[in-house]
Amino acid sequence: MNNQTKETYQTSQLYRLRHSTAHILAQAVMEMFPGEAQIAIGPPIENGFYYDFDLPRALTLDDLPILEKRMHEIIDGKHKFIKSEPNLEQARKEFAHQKYKLELIETIAKPDKSKADSVKHEPDAISFYTHDTFTDLCRGPHLEHTGEINPKAVKLLSVAGAYWRGDSNKTMLQRIYGTAWNTPKELRKYLWTIEEAKKRDHRKLGTQLGLFHFSNDIGPGLPLFTPAGETVRHLMESYVRDVQSKYGYQHVWTGHVVKEDLYKKSGHYENYRDAMFPAMIDENVKFRLKPMNCPSHMSLFKEMGKHSYRDLPIRFAEFATLYRYEKSGELTGLTRVRSLTQDDCHIFCTPDQIQDEFALALDLIQEVLKRYRFTDYRVRLSLRDNTGKYVQDDEKWKIAQSALKNALDVSGLDYYSETGEAAFYGPKADFMARDVLGREWQLSTIQVDFIQPSKLGLTYHGEDGQEHTPVVLHRAVTGSTERFLGVLIEQYAGAFPVWLAPVQAVIIPITDRNLEYCHKLSTTLQNVGLRVNIDAGNDRMNSKIRKAQVQKVPYMLVIGDKEEQSNSVSVRSRSGKNTTVQSVDEFLSLIEESISSGE
RNA sequence: GCCCUCGUAGCUCAGGUGGCAGAGCACACCCUUGGUAAGGGUGAGGUCAUGGGUUCAAAUCCCAUCGAGGGCUCCA
């Protein structure tokens with residue numbers, strides 16, 4: 001939506017505006033449930049704000065206009081936001097009946113030791129902000145007064161459940177999402193973006209374009225791909241495969257089922273057991289559907305004999321379908337599934353090679369993202385925090401972290417660090433790409449792993465004749481075929497670039513007597529590898545054009561007597577503009593050009 | 001998994017205070033052979049997600065299960 005970094009957003013006027021609007025929402029909700037509403041937290045977020053409540057009844061969408069109306073009244077009151085800094089006792093007294101606020105007050109009074117590291121500044125003094133009749137425990141900052149908000153630029157959007165402090169063991173609260181902007185125009189633009197996103201929803205377009213289905217007979221999160229959908233999948237995978245081969249990656253295949261013991265050795269069992277499908281048991285030996293490739297690729301590395309430092313780097317790539325037992329509530333279309341095909345790769349190298357390999361992977365990723373028209377992205381350097389979920393080996397983490405940082409510095413890419421996002425075995429560089437609507441997706445990833453190779457006993461012979469443990473870089477370009485396809489459908493609004501379109505051209509005869517010529521034309525085009533259909537149905541030409549437009553087929557070739565006599569085609573592109581009559585050869589070079597340019 | 005909402009034809013959706021199941025598109029057949037976004041007619045298609053309950057009567061009300069969506073949480 002905007003290119004502001006987090007830091008400048010947090011000091012922006014818009015941030016204060018949204019924060020203040022959240023307070024006004026909280027006031028309106030408290031008045032709706034006098035004496036019964038418990039308020040939790042209500043921060044600004046990207047594009048808006050939310051506030052969490054514990055209420056005597058469930059909110060419905062019908063409540064939102066009522067709350068909005070009351071918010072408008074409060075805004076019109078031009079109430080000042082007044083900051084105060086009570087001591088601990090006063091704070092406890094003020095919120096004596098607000099248990100969530102009390103809990104927050106105690107947290108501020110006694111900061112959590114485990115998070116002490118990430119909070120570099122002094123512990124905050126307790127501060128309140130009061131406007132009208134409402135006082136909130138809040139760090140601020142806020143607007144001068146409520147009148148600075150344009151009520152026509154504020155809208156409440158939805159109600160959702162949210163755990164107190166994001167902890168599934170704690171109370172489920174009700175969250176109201178809202179949005180606020182400086183001007184009604186900006187609000188309208190944002191609401192348009194939401195509408196546009198709905199139109200582009202890959203689940204909707206996937207049905208409309210006939211790409212994939214879900215079936216109750218198959219199971220949740222297990223998509224079925226139609227011939228058209230599989231065509232796109234196949235194109236995506238062969239494209240990445242070709243690029244990988246060009247960059248010196250080798251493709252391997254390691255199957256679907258693995259002994260559970262391997263995941264105990266690798267550490268995945270401990271960390272991800274809940275996200276694996278239940279075990280299959282064969283005479284006391286437990287097997288699992290493969291939820292990730294790393295242990296399989298590492299096992300293959302081991303089986304291939306002794307390795308010399310001269311053989312490294314070795315790069316194993318695989319388009320493997322993995323099975324992850326995602327919780328039922330988390331499944332979403334193609335972006336979150338239980339069977340996913342990763343374009344995964346593991347690079348076995350010496351510590352000295354990390355930087356070069358990282359740079360190579362970076363080049364590869366940039367080439368691929370560009371082909372898919374993702375040009376706006378940044379890199380998130382994902383580091384560990386102090387929680388216990390990471391493998392304990394400070395020395396190795398340090399090396400891995402600085403290796404990644406160096407490589408990123410050398411690359412000149414825009415990156416930012418985020419703690420708590422690392423893999424359990426090492427830090428990651430994640431590519432966060434914005435689509436045409438400004439939404440950010442995590443696509444590619446490069447991870448440094450000093451842990452698993454030693455856990456699984458991988459070795460190579462170094463120059464010194466000694467055995468060493470290789471470093472493994474984990475790398476995915478598009479992530480998973482399924483998810484990436486979902487993102488692509490939304491990025492392109494279903495209008496795939498010509499090279500990816502399941503059908504590149506539809507031949508539309510005007511009358512039946514043109515059919516024979518259409519078949520000849522179709523054969524000519526298919527012989528040079530184009531994906532072409534003839535719409536030989538009983539409909540009129542207009543109706544066939546409409547059908548092709550709705551299916552977003554890049555080219556419609558209308559064939560009547562005139563074209564037949566002059567051995568030409570009437571070319572209509574899906575933009576609907578500039579239909580031209582061309583010779584078949586002219587059309588061939590036109591479509592070849594659009595394929596290679598990636599349009 | 002949890003909170004909320006939803007599930008009617010292949011698709012998009014009406015209907016519903018309990019009383020014979022509806023439309024458009026798509027599909028099949030017939031007529032029409034048309035020049036750049038929907039030609040006309042006829043027809044077929046539903047155990048109203050599934051299972052139980054209340055009732056003379058359930059698509060409609062209640063319970064459970066399954067599935068989907070908005071979130072929370074998680075993502076090797």
Side-chain angles (χ1 to χ4, degrees), chain A residues 50 52 54-55 57-61 157-177 201 203-204 207-208 210 213-221 263 266-276 290-295 322 324-333 335-336 340 342 344 389 421-426 428 430 442 445 447 449 452 474 476 479-480 483 508-515 537-551 556-563 570-574 576-581:
Chain A
Y50 67 81
D52 286 345
D54 193 352
L55 302 172
R57 68 163 171 88
L59 290 167
T60 71
L61 284 179
L157 298 174
S158 57
V159 184
Y163 294 111
W164 168 234
R165 302 200 139 175
D167 183 342
S168 56
N169 298 315
K170 296 192 166 145
T171 318
M172 177 65 71
L173 304 171
Q174 298 192 67
R175 174 172 298 180
I176 298 178
Y177 280 95
D201 190 317
R203 291 164 297 193
K204 191 180 157 142
T207 309
Q208 198 177 311
H213 295 279
F214 288 91
S215 162
N216 283 351
D217 292 330
I218 301 292
Y263 300 131
S266 71
H268 289 97
Y269 184 83
E270 193 188 334
N271 286 283
Y272 296 104
R273 185 180 17 191
D274 292 346
M276 296 185 198
K290 191 168 75 174
M292 89 295 294
N293 293 309
C294 5
L322 308 177
R324 296 185 179 180
Y325 195 67
E326 305 287 1
K327 288 180 226 153
S328 59
E330 325 182 297
L331 302 170
T332 311
T335 47
R336 200 67 191 270
L340 59 140
Q342 242 183 16
D344 205 2
K389 60 182 176 177
E421 293 290 327
F424 74 87
Y425 48 71
K428 313 191 287 179
D430 294 320
Q442 187 200 314
T445 181
Q447 313 173 359
D449 185 356
Q452 285 191 72
H474 304 241
S480 88
R483 189 178 119 93
I508 297 173
I510 291 180
T511 78
D512 288 350
R513 64 178 176 275
N514 305 121
L515 262 174
N538 196 23
D539 301 316
R540 300 179 67 184
M541 177 207 65
N542 286 302
S543 163
K544 291 177 183 178
I545 286 175
R546 180 168 194 279
K547 211 188 290 173
Q549 286 283 160
V550 169
Q551 290 299 304
M556 284 147 267
L557 307 176
V558 178
I559 304 299
D561 295 342
K562 279 188 274 178
E563 286 74 18
S570 173
V571 181
R572 180 195 163 102
S573 82
R574 62 188 158 191
K577 292 180 255 178
N578 300 333
T579 67
T580 53
V581 178

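Letters go in sequence order (proteins before strands), and every chain restarts at 1.
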Taking atom C1' in both B/C72 and B/G24, what distance in whole Å separates the two? 39 Å

(request) Report which part of the nucleic acid A/L331 touches: base, sugar-phosphate, or nothing (heavy-atom distance under 4.0 Å, all strands). (result) sugar-phosphate

Should the pair A/H474 and A/Y425 be assigned to parallel (<30°), tilted (30 to 60°) or perpendicular (>60°) ring geometry?
parallel

Check this one for me: any side-chain N or O of A/R175 less than 4.0 Å away from OP1 or OP2 of B/G70? no

Task: Base B/U32 to side chain A/N538, donor-acceptor N/O within 3.5 Å cut-off - done: yes

Heavy atoms of other groups near A/Y325 OH, more than 12 under 6.0 Å:
no

- Task: Identify whether any heavy atom of A/D512 sits under 4.0 Å from a base atom; if not, whether one sits that close to sugar-phosphate; answer base, sugar-phosphate or nothing.
- Result: base

- Item | Candidate pair A/I559 and A/I508, rule side chain to side chain contact (heavy atoms under 4.5 Å, CB included), full reasoning | CA-CA 6 Å; A/I559 304 299; A/I508 297 173; over 6 Å; no

Checking B/G39, B/G35, B/A37 against the side chain of A/R546 (C-beta onward), the nearest is B/A37

| said: Heavy atoms only, 4.0 Å cut-off, all strands: where does A/K428 land among base, sugar-phosphate and nothing? | reply: sugar-phosphate

Check your understanding: At under 4.0 Å between heavy atoms, what does A/R336 touch on the DNA or RNA strands: base, sugar-phosphate, or nothing?
Key -> base

Of the listed B/G71, B/G67, B/C4, the closest approach to the A/A58 side chain comes from B/C4

The answer to which of A/Q442 and A/D167 contacts RNA chain B further toward the 5' end, by nearest nucleotide, is A/D167

Rounded to whole Å, the CG-P distance (A/D52 to B/C3) equals 16 Å

A/M172 CE to B/C3 P, in whole Å, measures 6 Å

When rounded to whole Å, the CD to P distance for the pair A/Q342 and B/C75 reads 15 Å

Under 4.0 angstrom, heavy atoms only, what part of the nucleic acid is A/Q452 near: base, sugar-phosphate, or nothing?
-> nothing

Encoded 5' to 3' (Watson-Crick or G-U under 3.5 Å; [ ] crossing; | other strand), RNA chain B becomes (((((((..((((.....[..)))).(((((.......))))).....(((((..]....))))))))))))....

Euclidean distance for P, B/G39 against B/A57 (whole angstrom)
50 Å

Taken to the nearest whole Å, CD/A/E421 to P/B/C75 is 8 Å

Rounded to whole Å, the CD1-P distance (A/I545 to B/G35) equals 11 Å

*asked:* When you measure only distances, ignoring hydrogens and angles, does the side chain of A/Q174 come within 3.5 Å of the base of B/G71 through a donor and an acceptor?
replied: no

A/R513 atom CZ is separated from B/U32 atom P, nearest whole Å, by 14 Å

- request: Classify the side chain of A/R540 versus the base of B/A38 as yes if they form a donor-acceptor pair under 3.5 Å and no if they do not.
  value: no

- When rounded to the nearest Å, what value does the distance between P atoms of B/C20 and B/C3 take? 37 Å

Sorted by position of nearest nucleotide on RNA chain B, 5' first, the leading residue of A/P291 and A/G576 is A/G576

For a quick check of understanding: with a heavy-atom distance under 4.0 Å over all strands, which category does A/A160 fall into, base, sugar-phosphate or nothing? base

| request: Please measure how far the P atom in B/A49 lies from the corresponding atom in B/A21, and state the result in whole Å. | output: 14 Å

Report task. May I ask you to say what A/F424 touches in the nucleic acid, namely base, sugar-phosphate or nothing, with a heavy-atom cut-off under 4.0 Å? Result -> nothing

*N/O (side chain, A/S168) to phosphate O (OP1/OP2, B/C2) under 4.0 Å*: no

Review point. OP1 or OP2 of B/G35 sitting under 4.0 Å from any side-chain N/O of A/K544?
Key: no

Scanning both residues in full, the closest heavy-atom pair of A/A162 with A/M172 reads N-SD, 3.2 Å

Heavy-atom check, side chain of A/Y272 versus side chain of A/F424, under 4.5 Å = yes

Inset, instruction - Give one of base, sugar-phosphate or nothing for A/Y177, where a contact means two heavy atoms less than 4.0 Å apart. - result: sugar-phosphate

(message) Under 4.0 Å from OP1 or OP2 of B/C74: is there any side-chain N or O of A/Y163 that close?
(response) no

*Can you tell me how far C1' in B/G46 sits from the matching atom in B/A23, rounded to whole Å?*
14 Å

Taken to the nearest whole Å, CG/A/N542 to C1'/B/U32 is 14 Å

I'd like to know if A/Y325 reaches the base of B/G1 with its side chain, counting only an N/O donor and acceptor under 3.5 Å. no

- Message: For the CG atom on A/N578, are there more than 12 heavy atoms of other groups (residues, nucleotides or ligands in this structure) within a distance under 6.0 Å?
- Response: no

(Q) Check this for me: A/E270, atom CD, are more than 12 non-hydrogen atoms of other residues, nucleotides or ligands nearer than 6.0 Å? (A) no

Does A/R483 make a side-chain donor-acceptor contact with the base of B/C75, cut-off 3.5 Å?
no

request  = Would you indicate what A/S543 reaches in the nucleic acid, counting non-hydrogen atoms under 4.0 angstrom: base, sugar-phosphate, or nothing?
outcome  = sugar-phosphate

query = When all nucleic acid strands are considered with a 4.0 Å heavy-atom cut-off, which category describes A/Y263: base, sugar-phosphate, or nothing?
reply = nothing

### Message
Suppose you measure atom C1' in B/A68 against the same atom in B/A28; what distance do you get, rounded to whole Å?
### Response
31 Å

Practice task
Determine the Euclidean distance between corresponding C1' atoms of B/A37 and B/G51; express it in Å to zero decimal places.
Solution key: 47 Å

Look at all strands and tell whether A/G166 reaches a base, only sugar-phosphate, or nothing, counting heavy atoms closer than 4.0 Å. sugar-phosphate

**Prompt:** Say you pick atom C1' in B/C56 and the same atom in B/C11; how far apart are they, in whole Å?
**Reply:** 38 Å

- Task: Report yes if some heavy atom in the side chain of A/L340 is under 4.5 Å from a heavy atom in the side chain of A/R483; otherwise report no.
- Result: no

Separation of B/A76 atom C1' from A/D274 atom CG, nearest Å, is 13 Å

Regarding A/K327 and A/D274, does a basic nitrogen lie under 4.0 Å from an acidic carboxylate oxygen?
no

Check against salt bridge (charged side-chain N to carboxylate O under 4.0 Å, His left out), A/D430 and A/K428 | CA-CA 6 Å; A/D430 294 320; A/K428 313 191 287 179; 3.5 Å; yes

Have a look at A/A275 and say if it touches a base, only the backbone sugar-phosphate, or nothing, with a 4.0 Å heavy-atom cut-off.
base

Taking every heavy atom of A/Y163 against every heavy atom of A/K170, the minimum-distance pair comes out as CD2-O, 3.5 Å

